[in-house]
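Some notes on the structure that comes next.
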Amino acid sequence: MKDVIDVMELQREKNRKLSPIDYKQLEFDGGFTPARFIFECGIKLNGQPLTLATAAVVMHRFFREVDPSNYDCFLIAASSLYLAGKVKDDPLKIRDIINVAHNTLHRGSSPLEIGDEYWNMRDAIVQAELLIMRVLKFEVGTTHPHKYMLHYLKSMEGWLGKEQWETLPIAKAAAAFLQDFHHDTSILDYNPRHIAIACISLALQCYGVQLPLIEDTDDEAWYGVFVKDLPKDKHWEIMEKIMETYNKEPETA
Amino acid sequence: MQNNSRERENNHHSSGSHSVMMNIKEKEKYIETFNFPYCDLTTKYEKVTKIGQGTFGEVFKARDKSNPKKFVAMKKVLMDNEKEGFPITALREIRILQKLKHENVVNLIEICRTQASQHNRYRSTFYLVFDFCEHDLAGLLSNVNVKFSLGEIKKVVQQLLNGLYYIHNNKILHRDMKAANVLITKNGVLKLADFGLARAFSTNKNGMPNRFTNRVVTLWYRPPELLLGERNYGPPVDLWGAGCIMAEMWTRSPIMQGNSEQQQLTLISQLCGSITPVVWPGVENLELYKKMDLPQKQKRKAIELNADEFNTYFVNQATNITYKLPAISGTPNSFLNRAINKNFQLHEVSFNEICAAIDDIKNRNSNDVYVKERLTPYLKDPYACDLLDKLLVLDPSKRADSDTALNHDFFWTDPMPCDLGKMLANHTQSMFEFLAPPRRATQMRHHSMPRPTTSAVQDSGYQDRVF
């Protein structure tokens with residue numbers, strides 16, 4: 001492949017130790033911080049991947065419509081999770097959301113007692129949910145890249161041959177890229193099918209996989225069988241956006 | 001809500017509201033005047049009259065102030081459980097309606113809100129706003145002056161199946177088919193409405209059966225699989241309802257008006273024959289199959305509604321009774337004679353069944369005889385009988401789907417489906433079940449019959465019928 005990514009650089013990055021983020025120290029950061037918060041809370045809540053993706057998309061769309069400085073981004077994040085659970089028929093209990101959100105913001109603190117603070121938070125989440133829906137014209141469903149990605153990956157399994165396919169974690173890597181790309185608000189800017197392709201491309205490059213029976217030329221790309229309307233520069237642009245997302249991750253102590 | 005990030009975190013858990021910078025008055029003002037560019041105020045419409053009421057809430061007819069010729073129906077979103085936020089059922093309904101755009105599905109225009117103010121404790125109410133339809137099928141059928149020709153009936157059923165074909169193709173189950181949820185415009189265009197119980201379905205999730213709730217569909221239109229506790233169901237539940245509605249086009253009232261799940265199953269058995277593993281393989285595995293009392297030896301007569309079948313059925317009943325109690329009064333002699341002559345296999349009849357049969361005869365209410373008596377004179381069209389026969393099939397896997405039904409000869413033989421607009425033009429009053437006098441047994445209604453006291457309103461030549 002001609003466009004080479006510095007995989008080693010990415011690998012080195014991975015080696016550092018992860019320690020918990022102190023969200024209270026972070027700025028809004030173009031939506032990265034609330035998105036990170038959604039995924040951390042959502043995973044603790046055992047939400048389905050599509051539920052978390054919906055929550056992130058709802059949150060990003062909301063902050064595109066309003067001035068972010070007017071809103072508590074963690075409240076909007078928690079409320080987006082609650083709403084996404086309803087949208088995806090993967091209901092997350094509001095009490096669980098409050099406890100998880102509270103504990104994630106105030107690490108090590110004991111669960112909220114049922115009292116004024118709890119009820120205020122609950123009311124705030126419920127009211128923010130109505131606010132979000134009104135701002136988004138009640139259009140809270142999203143077309144996810146996931147379904148396209150699954151379809152492409154399934155086809156590629158046959159293309160590469162099951163044996164070789166199973167030796168490489170392409171699907172896993174592509175899925176991880178896709179989930180992580182939801183931290184960035186630019187997920188809203190691209191066609192879901194194109195995002196799916198870019199995630200897979202990135203995974204292929206990371207593992208140096210060359211698909212058989214097809215030459216990457218200037219006029220033809222490997223993904224031409226799946227999408228016809230994705231120019232190479234656009235393709236590259238999305239891949240760059242995905243990689244940039246990783247640079248936004250806050251340095252932790 | 002005007003605060004910077006530093007105050008934001010201090011504030012986040014200290015109070016439910018967002019601001020430390022605004023006092024209460026300012027905050028109220030802020031909420032009252034907050035502008036939602038995609039969610040208009042209900043004040044853009046002017047309420048005309050109430051046209052519906054049920055478990056789902058209230059429905060109003062309203063006029064678009066910016067275009068007085070344009071009417072809409074406004075359905076209130078019930079927010080009874082404020083602590084859980086926006087109801088998941090309403091959210092489902094909205095998402096489904098946003099996705100479904102079809103000539104035979106009611107069109108959602110927008111969602112409006114009321115102004116948040118002191119009077120509603122700064123909580124808006126939401127309304128779903130739909131294109132207005134002048135009638136519902138239950139209302140039309142309850143009016144004796146509305147007469148459908150065979151061609152017009154075909155048109156209604158065809159549009160009903162068209163709507164179902166579209167929603168099922170989009171992987172949506174309606175789950176509340178009934179005549180009152182079938183709207184008809186003054187031009188004769190049918191619209192499926194009330195998606196309050198609808199949900200998305202997938203055919204096969206990793207081979208895992210679905211676990212949907214079976215507490216759906218108004219009892220009289222509920223298919224046997226739901227009554228027997230099936231949770232892994234699909235589009236056939238709606239086609240059963242379509243069959244019931246189709247038959248209703250002739251009978252003009254619901255064909256099976258049970259007052260309990262048990263009685264509904266009995267009525268179904270009497271119409272469609274006994275529910276057994278022979279006609280419905282696998283039924284014995286349904287949760288309630290053993291718990292429900294399913295009448296045995298019922299002949300399927302739903303559809304072969306001719307006199308002979310009826311008599312045979314009746315002879316069966318009579319025979320059972322004569323076995324133990326030959327002198328029961330009121331049993332026509334001719335039936336007894338024929339029963340004896342035909343030498344039915346009486347030894348298979350248990351005492352319980354006999355008692356049940358006697359009860360059956362004693363309690364025989366209008367429902368039993370009435371299906372046959374009501375249907376026989378009308379349902380002369382052999383194609384109509386045949387299509388009904390394919391829709392009212394006990395085994396959901398053998399029930400016709402909407403595509404098959406639409407290809408049925410019923411729709412492709414003379415008289416062909418014909419436009420309803422002309423016939424409806426004779427009626428200048430809106431006909432809704434809600435506004436109609438009680439025409440049906442009322443025990444199954446979700447609500448008592450309210451009598452609107454508002455005076456009739458005249459607009460666009462349509463009068464809202466008020467009794």
Side-chain angles (χ1 to χ4, degrees), chain A residues 22-29 33 65-76 78-79 82-91 93-95 98 101-102 105-106 109 112 116-142, chain B residues 1-19 21 30-31 34-41 77 79 81-99 108 110-113 116 121-126 128-129 199-202 212:
Chain A
D22 183 1
Y23 285 101
K24 286 173 291 180
Q25 301 302 320
L26 299 177
E27 294 297 320
F28 177 68
D29 198 10
T33 302
E65 298 288 344
V66 301
D67 176 356
S69 67
N70 283 347
Y71 297 92
D72 180 322
C73 71
F74 301 114
L75 171 63
I76 298 300
S79 203
Y82 186 46
L83 178 56
K86 291 181 184 176
V87 170
K88 284 291 168 194
D89 253 313
D90 173 27
K93 288 207 185 78
I94 190 159
R95 182 146 184 213
I98 292 174
H102 184 259
L105 280 172
H106 308 275
S109 71
L112 268 183
D116 275 356
E117 195 182 352
Y118 170 82
W119 287 110
N120 283 340
M121 243 184 116
R122 185 163 176 150
D123 191 47
I125 289 177
V126 164
Q127 291 301 314
E129 181 191 54
L130 294 175
L131 174 76
I132 293 168
M133 279 195 290
R134 271 176 282 182
V135 167
L136 299 184
K137 207 179 174 182
F138 288 83
E139 287 168 1
V140 286
T142 46
Chain B
M1 295 190 198
Q2 309 283 343
N3 50 7
N4 63 32
S5 60
R6 195 108 324 264
E7 272 150 347
R8 185 200 308 155
E9 37 165 279
N10 295 335
N11 185 39
H12 183 47
H13 295 134
S14 56
S15 87
S17 58
H18 314 227
S19 172
M21 317 247 308
Y30 177 84
I31 295 173
F34 196 92
N35 179 39
F36 293 95
Y38 303 123
C39 186
D40 290 336
L41 285 168
V77 176
M79 301 267 275
N81 200 344
E82 206 172 85
K83 291 272 169 279
E84 297 295 333
F86 202 76
I88 187 166
T89 47
L91 192 62
R92 250 187 211 160
E93 181 174 6
I94 290 169
R95 293 202 50 227
I96 286 169
L97 287 163
Q98 283 170 340
K99 186 170 146 186
L108 176 70
E110 62 178 334
I111 295 147
C112 281
R113 66 194 160 93
R121 293 181 301 130
Y122 295 94
R123 275 142 167 77
S124 289
T125 311
F126 296 95
L128 310 192
V129 182
R199 66 159 297 147
F201 70 97
S202 54
F212 301 149

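A, B, ... follow the sequence lines: proteins, then strands. Residue 1 opens every chain.
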Heavy-atom check, side chain of A/Lys24 versus side chain of A/His106, under 4.5 Å: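 They are in side-chain contact.
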
Note, A/Asp89 side chain near B/Arg92 side chain (heavy atom, < 4.5 Å):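 Sidechains of B/Arg92 and A/Asp89: in contact.
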
Residues, nucleotides or ligands: over 12 heavy atoms within 6.0 Å of B/Tyr38 OH: no

Proximity breakdown for A/Glu139 and chain B, heavy-atom pairs closer than 4.5 Å: both

Region of A/Tyr118 in contact with chain B, defined by heavy-atom distances below 4.5 Å: neither

Top contributor to chain B contacts, counting heavy-atom pairs under 4.5 Å, from A/Leu83, A/Val87, A/Asp116: A/Val87

Among A/Val140, A/Ile125, A/Val135, residue most engaged with chain B (heavy-atom pairs, under 4.5 Å): A/Val135

Ionic contact status for B/Glu84 with A/Arg122, cut-off 4.0 Å: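 Here A/Arg122 pairs with B/Glu84 in a salt bridge, since their nearest N and O are under 4.0 Å apart.
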
